[in-house]
Number of protein chains: 2
Amino acid sequence: MLKDRPVTLEEVARHAGVSLGTASNVLHGKRALHSNRTANKVLESANLLGYRSNHLARSLASKRTQIIGFVTERHQTMLTRNRYVIHVLDGILDYLVPLDYHIKLISLLNDEPQHVWSQIDNGTLDGAIVVAPVIGSPLLQWRERSSLPVVVVGSALPKEIPLSWVDVDNESAMFQLVDWLIAQGHRNIGFVQGPPQQWSALQRENGYRRALSHYQIALQPRWIAPGDYDTGSGVEAGKQLLAQNPDLTAIVAANDQMAAGVLEACRALGKRVPEDISVTGFDDMDLARHTTPPLTTIRHTIHDNAMKATERLVAQIQSDEKPALVQELVPGELVIRDSVSQARQAVPVSR
Amino acid sequence: MLKDRPVTLEEVARHAGVSLGTASNVLHGKRALHSNRTANKVLESANLLGYRSNHLARSLASKRTQIIGFVTERHQTMLTRNRYVIHVLDGILDYLVPLDYHIKLISLLNDEPQHVWSQIDNGTLDGAIVVAPVIGSPLLQWRERSSLPVVVVGSALPKEIPLSWVDVDNESAMFQLVDWLIAQGHRNIGFVQGPPQQWSALQRENGYRRALSHYQIALQPRWIAPGDYDTGSGVEAGKQLLAQNPDLTAIVAANDQMAAGVLEACRALGKRVPEDISVTGFDDMDLARHTTPPLTTIRHTIHDNAMKATERLVAQIQSDEKPALVQELVPGELVIRDSVSQARQAVPVSR
DNA sequence: CTGAAAGCGCTTACAG
DNA sequence: CTGAAAGCGCTTACAG
């Protein structure tokens with residue numbers, strides 16, 4: 001109604017002939033405290049004047065902002081590049097929006113603690129979700145720096161770090177996938193690494209290594225190529241592996257996007273998948289279903305994990321009790337599609 | 001340092017032996033007002049005590065929150081489903097983060113004006129970006145409901161609606177694409193519509209219709225199938241069009257995701273693309289490059305448009321002048337890939 | 001059931 | 001160059 005200066009609670013109170021406190025009570029939850037007559041007067045006045053409460057003032061006075069920070073480090077600021085982050089965000093929103101919590105996006109520009117904590121610990125947040133903090137991230141010192149509730153998603157941190165998190169069991173899932181590849185007759189299996197600063201990348205590589213060693217397959221250093229979870233690096237890695245290792249019958253990529261890149265490399269080099277070489281991914285993003293051929297991969301419930309993490313966070317915020325640590329490893333599931341064949345040279349190669 | 005009660009400016013001021021106002025000035029921009037000696041005392045105290053300013057309080061007092069709302073309607077809440085929205089978000093962040101503005105995500109749950117405006121006009125925002133509001137959206141009454149600066153991106157609104165926006169020139173771009181198809185010899189061209197409540201969908205359809213009529217090709221109603229911009233609807237539409245129209249040599253989808261769906265439908269029905277039928281998309285999302293075959297489509301600069309819109313918004317926020325309307329149509333660009341062939345039956349079909 | 005008052009943690013004229 | 005004071009728009013005990 002009025003456009004320039006918003007109507008304040010005080011004006012509503014005055015118009016309704018009640019005190020500020022009463023108007024506040026009626027308008028926000030404690031309506032039961034007051035008589036119907038009073039409540040109605042207030043409600044009517046508010047309506048008439050087009051009152052809309054100022055959240056800033058409410059937050060300052062009540063020490064609740066209803067805002068959760070969605071914290072990402074520089075590594076994943078390009079949302080369009082990082083499907084994973086989007087899935088997480090979606091899970092969080094699905095949980096939070098109906099509860100009338102809001103998300104504030106915090107993209108950290110750099111690692112300076114100064115910068116980091118001024119973005120986070122400035123009174124605007126009730127809590128935060130940190131997405132896949134890297135090894136050595138200043139965010140891992142959260143507990144020493146801030147008393148704000150926080151849950152990590154997408155990084156399974158070492159137990160010593162006193163933060164709650166939920167993530168897929170990367171290592172076991174990758175072990176399972178490679179184990180299955182070996183069961184298909186593959187022995188000479190290449191690996192495209194994720195970024196070395198990501199816990200998940202290391203854990204996936206560990207799963208791969210453990211599976212080979214479990215079957216006493218001697219891992220050749222040249223079977224491993226570096227990557228960064230991006231498609232482009234998958235192309236590079238694929239070309240490198242294919243060029244240097246004519247003996248490979250399969251390439252395991254640390255995530256789907258790189259696997260798609262490997263597929264591209266195969267196409268470029270005239271290798272048929274899966275006839276000439278098998279390729280696998282990890283994450284089961286949409287794209288895994290749409291590559292040619294569709295990717296065998298590990299499915300995990302990113303969206304649900306994010307919801308779960310958010311649930312924990314909200315519980316932590318709402319009960320001001322001790323913030324019990326919750327560190328949860330969720331199992332992944334092998335999804336078999338068309339990018340893997342029985343290894344034809346299995347026997348000759350395996351000795 | 002202290003964990004539970006954050007250090008306040010007052011404590012810093014007292015520790016430094018200066019007034020509240022002085023401490024505030026030194027710590028936030030107006031350092032030049034004070035002597036070096038004073039400034040240093042304040043800075044040291046702040047450092048020593050681990051002071052971190054409370055943004056809420058600053059915002060309330062200064063009437064600046066440094067927060068921009070990113071407003072989406074129910075239709076696009078599933079971020080994972082809507083690549084477009086992600087690109088927009090990315091463009092906004094790229095512009096805003098270095099300026100120390102933040103994004104608050106506002107996913108509208110429903111259309112009730114009550115709900116809508118209480119989410120938006122509650123003092124927490126300096127301005128807002130609205131993503132692709134639909135026809136009939138309550139958001140279109142923004143100017144009557146709120147004095148908050150706002151820019152729309154992804155919907156080219158009718159001129160009568162007093163809102164600033166920037167979007168691709170959907171109609172011209174689609175005209176251009178269909179014009180080109182016709183130049184390749186195609187005459188019987190199907191169309192997969194976008195959601196009828198999206199301005200962009202209508203505009204794209206208009207472009208298609210105008211191109212056909214420009215060449216005096218009689219559009220058959222059965223050439224048009226409904227869709228909703230999602231891949232699934234593209235599959236359905238593709239199947240329907242293919243089943244009902246053996247005479248079609250090309251199918252134009254209103255966006256890439258549906259075009260991917262049409263491709264899937266073709267595969268399912270044993271139609272080769274582009275040999276048996278040509279298919280085109282719109283938007284040139286990543287996926288357009290990765291389908292088999294890669295899609296001929298319209299490229300437009302979603303990311304840059306979003307940055308541009310954000311720039312306008314910030315300008316509007318920072319100069320409290322008259323909010324001059326800016327309505328900008330950005331041209332699209334035809335990107336030719338492998339999903340279109342010369343129409344072999346061009347001549348017989350065209351009469 | 002209701003009102004008066006203190007307080008949330010800052011910024012911003014205003015004097016001097 | 002600096003301090004005292006008012007004010008931003010609410011919530012929350014506390015009396016009564």
Side-chain angles (χ1 to χ4, degrees), chain A residues 2 4-43 45-46 49-67 118 121-126 320, chain B residues 2 4-43 45-46 49-67 118 121-126 320:
Chain A
L2 295 176
D4 274 15
R5 214 180 36 71
V7 179
T8 67
L9 228 207
E10 197 190 347
E11 299 176 89
V12 173
R14 196 181 316 140
H15 185 277
V18 302
S19 75
L20 231 194
T22 299
S24 172
N25 283 338
V26 171
L27 255 15
H28 296 115
K30 320 214 164 171
R31 186 172 313 178
L33 274 180
H34 297 272
S35 71
N36 269 334
R37 191 145 167 291
T38 311
N40 286 336
K41 276 193 300 182
V42 174
L43 259 9
S45 298
L49 300 179
Y51 173 67
R52 216 161 287 139
S53 72
N54 183 317
H55 265 237
L56 237 39
R58 294 190 61 188
S59 300
L60 185 60
S62 70
K63 311 203 153 289
R64 289 269 170 147
T65 65
Q66 297 286 117
I67 300 184
S118 78
D121 212 358
N122 57 23
T124 60
L125 265 29
D126 278 351
D320 21 31
Chain B
L2 295 176
D4 273 14
R5 214 179 37 71
V7 179
T8 67
L9 229 207
E10 197 189 348
E11 299 175 88
V12 172
R14 196 181 316 141
H15 185 276
V18 303
S19 74
L20 231 192
T22 299
S24 172
N25 284 338
V26 171
L27 255 15
H28 295 115
K30 319 215 164 170
R31 186 173 313 179
L33 274 179
H34 297 272
S35 72
N36 270 334
R37 193 148 163 290
T38 310
N40 285 336
K41 277 193 301 182
V42 173
L43 259 9
S45 299
L49 301 179
Y51 173 67
R52 216 162 285 139
S53 72
N54 183 317
H55 265 237
L56 237 39
R58 294 190 61 186
S59 301
L60 184 60
S62 69
K63 311 203 153 288
R64 288 271 170 143
T65 66
Q66 296 287 117
I67 300 185
S118 78
D121 213 358
N122 58 23
T124 60
L125 265 29
D126 278 352
D320 21 31

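Both backbone and side-chain heavy atoms feed into the values below; hydrogens, waters and symmetry mates do not. Order of the sequence lines sets the chain letters (A, B, ...), proteins ahead of strands, with each chain counted from 1.
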**Student check: side-chain heavy atoms of A:Gln66 and A:Arg58 closer than 4.5 Å** = no
**Message:** Using 0.5 Å steps for rounding, measure from the NE2 atom of B:His34 to the CG atom of B:Asn40.
**Reply:** 13.0 Å
**Atom pair OG1/CZ of B:Thr8 and B:Arg14 - distance to nearest 0.5 Å** = 7.0 Å
**Request:** Taking all non-hydrogen atoms of both residues into account, name the closest pair between B:Lys41 and B:Gly17 and its distance.
**Result:** NZ-O, 4.5 Å
**Atom pair CG (A:Leu60) and CG (A:Asn54), whose distance is rounded to the nearest 0.5 Å** = 10.0 Å
**Prompt:** Where the side chain of B:Asp126 meets the backbone of B:Thr65, is there a donor-acceptor pair that is under 3.5 Å apart?
**Reply:** yes
**Where chain B begins and ends its contact with DNA chain C, read 5' to 3' at 4.0 Å from heavy atoms** = C:dG9 to C:dT12
**Complete:** To the nearest 0.5 Å, atom CG of B:Leu9 lies from atom OG of B:Ser19 at 10.0 Å
**Fill in**
Assign each of B:Ala61 and B:Ala39 the nucleotide of DNA chain D bearing its closest heavy atom; nearer the 5' end lies the nucleotide of B:Ala39
**Request:** Determine the contact category for A:Ser59: base if any of its heavy atoms lies under 4.0 Å from a base atom, sugar-phosphate if only primed atoms, P, OP1 or OP2 are that close, otherwise nothing.
**Result:** nothing
**Complete:** d(B:Leu125 CG, A:His55 NE2) to nearest 0.5 Å is 11.0 Å
**Request:** By nearest nucleotide on DNA chain D, pick out whichever of A:Leu56 and B:Asn36 is the more 5' one.
**Result:** B:Asn36
**Request:** Anything below 3.5 Å on both distances counts as a pair; with that, list the stems of at least three consecutive Watson-Crick or G-U pairs involving DNA chain D.
**Result:** C:1-3 with D:14-16, C:5-12 with D:5-12, C:14-16 with D:1-3
